[in-house]
Every structure is written in C-alpha cells, then in structure tokens.
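In what follows, a single structure is set out as structure tokens and then discussed.
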Amino acid sequence: MQDEMPKAFEPSTVEARWYAFWVENGFFAASLDPADGRPAYVVPMPPPNVTGSLHVGHAMRVTFEDALVRWHRMRGFNALWQPGIDHAGIATQTVVERLLKREGKSRHDLGREAFAERVWQWKAESGGRIALQQRELGASADWGRSKFTMDEDLSRAVREAFVRLYEEGLLYRDKRLVNWDVEAQTVLSDLEVENDEGAQGELFEFAYRVEGSGEELVVATTRPETMLGDTAVAVHPDDPRYAHLVGRKLVHPFADRRVPVVADAVLVDPTFGTGAVKVTPAHDFNDFATGKRHGLEFVTVIGFDGKMNELAGPFQGMDRFEARKAVKKKLAELGLAKGAKPHTLTLPRSERNGSIVEPMLSTQWFVSMKGMADRALAAVAEGRTKIVPGDWVKTYDHFLENIQDWCVSRQLWWGHQVPAFYCDACGEVTVARHDPAECPKCRAPSPRRDPDVLDTWFSSALWPFSTLGWPDRTPALARFYPAADLETGYDILFFWVARMMMFGLHFLGEVPFRRVLLAGMVVDETGQKMSKVKGNVIDPLDLIHGASFREVVEKASPGVPFDEALKKFQKAYPSTAQLKAKASPEAECFPPFGADALRLTLASYSPATRRIPLAPKRVEGYRHFCNKLWNATRYVLPHLAGLAPAEGVPPATSLANRWVLDRLASALGEAFRALDDYRLDEALSALYHFVWHDFCDWYLELTKPVFQQGSEAEKAETRAVLAHALEASLRALHPFAPFVTEDLWQRLPKPASRPASVCVAPYPAEAEGRNDPEAARQMEALQRVIGAARAVRSEHEVHPGAPVPLVLRTNDEGLRALLGRESVAVRTLVKTHEAVAIEAAGGARPRGHVLAVAGDVEVLVGLVGLVEGSKELDRIEREKKKVEKDLAALEKRLAQPSFVEKAPAEVVAEARTQLEALVRTRARLDEARALAAELDAPAG
RNA sequence: GCGCCAGUAGCUCAGUGGUCAGAGCGUCAGCCCGACGAGCUGAAAGUCGGUGGUUCGAUUCCACCCUGGCGCACCA
C-alpha cells in the first residue's frame, strides 16, 4: 500500500481499500473475551428503517456516533457500536403494497402468510441497503452483531416483554376512542398524529328544535356530518340563555332519536360560538369524555373505511367529506342551517400518509404508562441518565408528566403479531409465551390468535437490551448494558428515547444509557427543512462521490423538469448556485468531496444547535483541509527518510520545535476536553487550527531553513519532532476523518509499539505534546515581528520576491538575543534574502526605511527604490488611534476606585500590565511618527 | 394557552461577567516562492435583535418586548 503519493488527495482511491482493511482485521468487533479487561463503551445505533436510504440525517448519526466510538476505541475501551435495522411496520407494508399494486394486486389477494413472505423477499433483495451506505461513510460498527427487529431472538424479546407487561397488569385491552388512519386502515398512537395548524375550514351553525315547543337551539360545528351521531347538546350550567332548556329533549332531524340538553362546565365555553355544543361521543375526544360523564349513548356513524354506516340513515355509504356537504344541504332544506363563518382549525393528520385521522371507537391493546414514566422522570432528575444538551430535559419531563397510555396494537400484517389468543367457545383471553394448543379454561382446541401486530416502536423500545440477548442473561447483556451514550435526533425523543428509558428501567431495573446526546436536524443552507416538495434534498452519497446537476436535481425533486428543479435547488443552496451559475445538466454539481470531508463538515456544527444548515461550500472547505493534511505529509515524508521515530515525545531545544510541541499539547488537551463534553465541533476546530495554522503555516515553514542549512543535530531533532507532531495529529483527527488519516498514517514511519491501524492506535492526550510557555511567548513575539514586516511590505505593494533590508530594534536585551538567534527564521518567513540587523532602539533611522511597531520591537523595512512615497504615517495614525482608545478605556477603569477595590486582584493586575504595554507601544508609535516625516520629506 | 430554541461581520455559525468580540466562506490588494486541482501574505468589515434591571463592569446574568423556528395541548 506504500505507493507513490499523488499530488492531490483523491478520496475514492483511499476509501474503499481502508474500509476493507479494517473489517478484515476485525477492528470494529467488540470483545466478549472474559480475559479482556478493557472497560466497555457502548453506543446503540438508532436502527434505520429497512425501507430507508441514506439521507443527511443518517450521515450525521454516523459522523457523531462513529467519532465517539472511534475515540473511545483508541482510548482503550472495548467499544461496541451496536448496528441494526428496524422492520418499520407501516412504512414497509406501504412500500410492498405499492409494489403489489403495480402488479394489480392487493395484500388481500395474497393473504397474510403470503404477504409476509413477500415482504421478507423484498427485504432480502432491497432492504437494508442503508447498512452498506453507512459503511461508505466509514461507520465502525460491529457489523457481525447487526440485528433486525424481526429476527427470531428479537421477536422472542418482544413477546416476552408483552407477556410480562400483561401478567403485571400493565398491558390491557380496552374499547375507547382511538386515532384511526383511514388510509392505512390502522389505529395510530397519539405521537403518530401530527397537528396540521392553520387549515381553513368553516364554523357551521345549525339548529335543533326543542321537543314540544317551537324553540330552536343553535349549535356550531366544524364537522356537520358528525351530527348524525349526536347524542346530546351541552350548555354551560351558568348560562342564563339556556338554563330553561337543561333536561329538555331535542328532535334529531335525521335519526329516530331524542337528544337531551345537558349542562357541562368542562366542555362548554359560553363565550364561544353560540354557547351550545353538539356532543358526538363516538367521534370526538372531548365529546367522548362528556359522554362518559353524562352516561350518554355512543353512536358510531362513520365506519373504519371513512364512510357513513347504516346508522347514518339516508347518508349511508357516503364518504365522510361527501356526507358533510350532504348534511349541510339537507339541513338547509329543513330550514335548520343558520349560516357559516370561515374558521381556522387544526387538523389531525397521519404522520405516515397525511390523511385526516378519524377518532373511532375501537378495542385495542394499551400499555399503562404512568408508573414507568415516573421512574423515567426520576432517573433523569437524579442524573442517572444525563440529557445533553440539557435544554431538552424540560421537554422530556413535560411529555412524561402528561403521558397517556400507549396504544400498541396496529391493524397491519407486517410486524410482531400480538401474542393474545381468544377462545371462541368461552371467550377466554390467553396471553402466552408459547402458542396454546387449546383454551386453558374450557379446553376448546386452537384458540384464535389476535390478528393485530405491535407498534414498531414497541420493539425499538427494547433495542438496548434485546440486541444483547435479553430475556436471557447473556454475557453480552452483563457486559454491555447499560450503554454509555445514545446519540440521536431530537425528533424521536418521545417515540424512542423516552420509551427506551421506561422499558429499560422496567425490565432491567437500570437505565438503558448514561447519556442521551440529542442532535439537531440537517436543513438546507437557508434553514428550510429538506423535502421533496421544496426540492432541497441532498443525497450525502452525491457529496461523497460527486454528481452532475442532473443527478442531484433529479433526486431533489423527482419528476420535475430540470430547469424548474434546478431553480429550487439553487435557491436552497445559494453558495452552490454561485459556484456553478452556468449549470447544465451534465456539468458537475458536486465534485467527489469524499467521506472524510463530509464527516468533517457535519462534525463541525455545534451539537447544541437545532438546525444544521448544510452548505456544500463548507464541505469543499473540509476537502481542502484533507488536501492540506495530504500535502503536509507529502512534504514531511522525504525528510524523514523512513527513519522510525523513538517512543514518546521527542526532545526539543530549538524554539520552533519547542513551540510546535507546546501548540500540540494545547490542541490535544482542548480536543480531549471537548470530546469528553460531546463538543465534536470544538475538538475539531482546535485540531484544524493547529494543523493548518500552527503546523503548516508556521512550523513547516520554519523547518525549511533547518533542512537546508541546519546542522546534523538540528536536522535530527527537527525530523523527530516533525514526525511525532504529524503522527499525533493524524491519530487525533482519525475519529473525524478516518480514511485520509489511515492512509497517511500508514505511510509514516512510526514507533515500534504502534499497532497495525491508526483506528486502534492510542488517542493522543495533552501529554503527547509538551507545554512550554516560554517558547510560546517567544514565538509570539517573533510572529508579531514577522507579521509587522509582512504588513509593511504588503501595504506598500512590494513584490514578495524583492529582497528588503530589515532592521529590528529593541532595548530589551532578551528580545534582541531571541531575534538574533532566530534571524534565519525571520528572514525566511518575511521572505527577504537580505541580512537582518538587530540593534538597540533609538539610533538614527536608516534612509528610506518604513517603520512598524511590534510590541517592544521597532521593525524597519527598507523600501528604498521599491516604492514611491509611503503610507507609513497613515498606518501609524491608524494604529495609534486604536491604542489610544484601548488605553483610554483601561485608564478609565483603573481610575475607578470601585473597580480596583471590588474586582479580583488578578484582573486588576492584568489591566495594569496591559496598560504598561500600551503605554510603551504608544511611545514607540510617537517616535515612529516623528521619524515618518523624514521619509515623507521629498527625497534628496 | 404552555414550553423550548434562535436573533453576533455580506452569508453560515462559534464564543466569553473583565481591553465592545472570533472562524469558515465571500470581498479587496499582492504573489506563485520545488508540500498544496490549490496555496501563501496582507487588508476591509460588527452600536453582539430592542428596552429596562443586577453588577465596579454585560454581547455574556435577570425581566419584559419584537422577529423567526419548533414542540405540546386545545379549538363548537
């Protein structure tokens, strides 16, 4: 693998071979060996849907989790990143039904068994493709332990959980009003219902006639068709308008039924509408409760198919929306319609298919949540599980404090079938771990199994332990439960995280994970959610492998004409549009940025932020960073000449070597602290800055004169430091950019103790550098001097290649000594071939030199004959203005007795030191100004 | 109605009770120098959403307000 290094980093050639290398060597497998004493670090991967295809959300999961897992693995943890796939009940059934439809069939044509067979077949062919895509991102999961939620062992866990809850009286069957998805033909849990706010509807008013009088009672409704199921009209008990009607009966215009007027303070707000409310206990949640309170009849008039049933009289067979119009019309004909006003309402919609959810009376299985919720609340309150960022604790608490029982049965064919059996002979219900051959009560043969399946999230809630062999007490369970970190998007805090907490505590008596890390959602560059409607979806694989505009735009807006789709896309990603304004379909929209660049980009967003605006331009920036690493290594390698460095931090005596080890220590320390705090962005930023701006911009440049003209001893020391700093940097960056770091690391000569792969090499901590405040201070002074000289030259537009004489003056002897020692460095970095003169301050000014001030050093740059005139006075004035301003502020503060008395001593001392420094700088600037006149005077 | 989040350079975002601040991209000027499908050097640019308060001191803490986003509940 030690081939010639191409000039530029090419992700595609690097990625595939290293992934194979890692897997072949089993680096990602967690160990169950009893002799392995390493502490466990476990992260359960949120199992993507079997129907899923990798989107940026998944890419973010992989990036965050993989970085954490690789980091811990390198730190010597026995890391288990538990992967898997979710069977995704409704989603998968919908996909396969759609396929059947193309063949002109429905699932009913096949029957339940054959349909399930068909789904398994589909799964074998195209399901779980996402697991392969996760590998393209470098996911270091323990693929050998991968689980599918419908695997035999996980199905056993689901059944066990169900039976136990039933035996404990926490799982029960009840007839109540549920959310019915008319399109999918199944019940939904409350969480699966989305509230569509701002829908335009109308508030329709009609009258009921009071029995035995000509009086009318006007009610208002947004759903006139439900009046067919009205069994009462409610008024407020204190409402004088209707007091006389309470207890009277109303005539239902279409049904052979008398409807009582009841007084109800809970349901009725006398100030809203007419102050009289029609009550339909079988089709509305509030009315259901009202019906219970008053012992009303429950008349169901809408069927599970969304059509009016036989109790709807003349409206039977009509679709509910059709019936709405018909009822209104009929009421108008009867003179009972009393007008309508526009009304904004919130419609409950199925999160799956968007159809309007119908509240229906139905018998379903429910899990009693209150007790489990209380324990889940306590676990977080007591800190046994920490939610990060902590902002989410309130949301978590609010959900659990107001939790309703969980409807877990679904009228689907794909999923874990409810293990309940009904005896048709005696009505006995049996819930059992094994299918009963006969009714345990009356011995009637073959009780009928409940046809329903369980909510997909029921099995997901068991994930942290069902994947480890529960209900058996396996070694894996003992070793890997509870997990350390659970990382996921905040959108499934209720669906998944809270339920895992509850089930984990219930079944294992212990929290399922110590930390919950909640990440934001990836959105487009303008902050909009990604959706096909908006045409702003980006396939992360396109960013990795590169893609033409046609490919990108087709995925963003399937089926939409190119130009239109392109426009939408460019609007969502302005920086891309800018980059490729002249986009033609076949032109390259994204070059192959590579998995590393994408990962670095995603890792660079603060995990605390809720919206993560994905900017392709930013990915490009990180590809450049990979390229920088690549080329830095390309520079370093020839100098090392294959010499393997010794173990440990190499000795350093030269300023540059001491300094770079100091910066390395500081960056590594910061990275470690940040990672520990789940701040991948801060860790990355510290390392990025070190590599690019300290290591490449300064240190590599400083090594050049050493290799050109240094002594053998200097060269040897520099070689060792160079090799060490680069090798440590690659290790430090490996969790973020696994591919490029592995490739480069393999090319470097390394100490003998290093393992076969960087992914199991020790993660560098601060001690792999060497703190050296003295070197840091000296280097900073040097950098200021060099910066001042460069600025002078740049501002005077002197050709960087032109040699300029440089005179550095200071009365600080230490500084003079330093500048003398480092004069070669100064000369190299200022890019002047002339000798550098180091002098005491205050001498006569050399002719034609422009002066700048760098702290205590006067920097005189000789520009004779190179420029006409000078901007020196301008820049001195500018600098002085700044200094004066800072000085004034400091003086003012120090003049305040309250500040000096009350502020901490060190703050005051620091202010004084700064003041002194500023005063000195001001003096230099004053001198400089006086001297500036000399240069500005007409040349003699 | 309850709750959460955001509002900092042209853009996207970091950040801190202590000289009223950073990064990337973008912009401007110069360069191409044997690590750099790029890079290097330099520069310009912000009254840190508004109003009050706490404090010796607030962009950073508190209250209220405005704007945008989100969640939950309710809606005859």
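As the structure is a prediction and not an experimental result, all values here were calculated from the model. To find a chain, count down the sequence lines: A is the first, B the second, and so on, and within it residues start at 1.
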A:D677/A:R679 salt bridge by N-O under 4.0 Å criterion: no
Residue-phosphate contact under 4.0 Å: A:N195 side-chain N/O, B:A73 OP1/OP2: yes
A:K278 and side-chain contact (heavy atoms from CB on, under 4.5 Å): which partner among A:L250, A:T231, A:V259, A:V219? A:V219
To the nearest 0.5 Å, atom SG of A:C696 lies from atom CZ of A:F690 at 9.0 Å
Please tell me if A:H398 has a side-chain N or O lying less than 4.0 Å from either OP1 or OP2 of B:C4. no
Check this one for me: any side-chain N or O of A:T609 less than 4.0 Å away from OP1 or OP2 of B:A14? yes
Does A:N402 place a side-chain N or O at less than 4.0 Å from the phosphate oxygens OP1/OP2 of B:C2? no
Got a salt bridge between A:E205 and A:K338, using NZ or NE/NH1/NH2 to carboxylate O under 4.0 Å? no
Work out how far the P atom of B:G57 is from that of B:G18, and round it to whole angstrom. 15 Å
Ion pair A:D264/A:R293, N-O distance below 4.0 Å: yes
Looking at the side chain of A:A791, which of B:G42, B:A76, B:C74 is the nearest nucleotide? B:G42
Would you classify A:L915 as touching base, sugar-phosphate or nothing, given that sugar-phosphate means primed atoms plus P, OP1 and OP2, and contacts are heavy atoms under 4.0 Å? nothing
Taking the same atom, P, in B:A23 and in B:A9, what whole-Å distance lies between them? 14 Å
Looking only at side-chain atoms of A:R611, point me to the closest of B:G69, B:A76, B:C4. B:G69
Rounding to the closest angstrom, what is the interatomic distance between B:U27 and B:A44 at atom C1'? 8 Å
Between A:Y622 and A:Y688, is the ring centre distance below 6.0 Å? yes
Proximal nucleotide (of B:U19, B:U12, B:C56) relative to the A:R618 side chain: B:U12
Euclidean distance for P, B:G3 against B:C65 (whole angstrom): 12 Å
Closest to the side chain of A:F494, out of B:U19, B:A76, B:C72, is B:C72
Looking only at side-chain N and O atoms, does A:W630 come under 4.0 Å of OP1 or OP2 in B:G39? no
Only one of A:L177, A:T226, A:L267 passes side-chain contact (heavy atoms from CB on, under 4.5 Å) with A:D287, and that residue is A:L267
Quick one: on RNA chain B, does A:K394 or A:R623 contact a more 5' nucleotide (nearest heavy atom)? A:K394
Using a 4.0 Å heavy-atom cut-off across all strands, classify A:V268 as base, sugar-phosphate, or nothing. base
Contacts of A:E525 that satisfy salt bridge (Lys or Arg N to Asp or Glu O under 4.0 Å) - sequence neighbours left out: none
Checking all strands, does A:D697 fall into the base, sugar-phosphate, or nothing category for heavy-atom contacts under 4.0 angstrom? sugar-phosphate
Examine B:G24: is either OP1 or OP2 under 4.0 Å from a nitrogen or oxygen in the side chain of A:H693? Give yes or no. yes
Any side-chain N or O of A:K628 below 4.0 angstrom from OP1/OP2 of B:C40? yes
May I ask you to say what A:E525 touches in the nucleic acid, namely base, sugar-phosphate or nothing, with a heavy-atom cut-off under 4.0 Å? sugar-phosphate
C1' spacing across the pair B:A58 / B:C72, given as an integer number of angstrom: 34 Å
Can you check the distance between B:G46 and B:G7, where both ends of the measurement are the C1' atom (answer in whole Å)? 14 Å
Minimum-distance nucleotide to A:C696 side chain [options: B:A35, B:U41, B:C13]: B:A35
Go nucleotide by nucleotide along RNA chain B from the 5' end; which of A:S606 and A:L203 gets its closest nucleotide reached first? A:S606
When the C1' atoms of B:A63 and B:A73 are compared, how many Å lie between them, rounded to an integer? 26 Å
Nucleotide pairing, RNA chain B (Watson-Crick or G-U, distances under 3.5 Å), in dot-bracket with [ ] and |: (((((((..((((....[...)))).(((((.......))))).....(((((..]....))))))))))))....
Could you tell me whether A:A615 contacts a base, only the sugar-phosphate backbone, or nothing, with contacts defined as non-hydrogen atoms closer than 4.0 Å? nothing
